[in-house]
Amino acid sequence: MICLGVVRRPPTAADDRDLQRRVLDLALESHPVPLAFAAIPVASPRGPGELPEALALIRAVRDLVLAGLLASDGLRVVPTAAALHYRDLERADG
């Protein structure tokens, strides 16, 4: 993939999972306040070269919503009860 003369490699499944983890972590940290897309570092592309990152974010949110871990109104995301419960379980073990 080439963006403005910069060669970028296509995102891998590992890249997508890493971004999903980061988005979910941010949503859990901001809870109970909904997390605005604009507050996520790759959510506001400043130029055409950052479009792949914005698309990766959209995929990450979509996949987390489909997995039942996030809810979204298209502008903001919030963790679901399942995600909050899992976070509480993880904290209890740590």
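We count residues from 1, following the sequence as given.
Counting only residues at least two apart or on different chains, the side-chain hydrogen bond (donor to acceptor under 3.5 Å, both in side chains) pairs with a member in residues 78-87 are Y86-E90.
How far CZ of R62 is from CD of Q20: 9.0 Å, rounded to the nearest 0.5 Å.
In terms of heavy-atom proximity, V23 sits nearest to L35 at O-CD2, 4.3 Å. Of all heavy-atom pairs spanning L70 and A27, the tightest one is CD2-CB, 3.7 Å. Residue F37 comes nearest to S72 through the heavy atom pair CE1-OG, 3.8 Å, listed as atom of the first residue, atom of the second, then distance.
Here the side chain of S30 pairs no donor or acceptor atom with the backbone of P34 at under 3.5 angstrom.
A side-chain contact (heavy atoms from CB on, under 4.5 Å) with V61 is found for exactly one of L64, I58, L57, namely L57.
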Inset, instruction - Please assess R76 against D73 for the test salt bridge (Lys or Arg N to Asp or Glu O under 4.0 Å), listing each intermediate value before the final yes or no. - result: CA-CA 6 Å; R76 300 166 297 187; D73 65 2; 2.6 Å; yes

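A single hydrophobic cluster is not seen to contain both L84 and V33; linkage of ILVMFWY side chains at heavy-atom distances under 4.5 Å, directly or through other members, places them apart.
Counting only heavy atoms from C-beta outward, the side chains of D16 and D63 never approach each other to under 4.5 Å. No side-chain heavy atom of H31 sits less than 4.5 Å from a side-chain heavy atom of V78.
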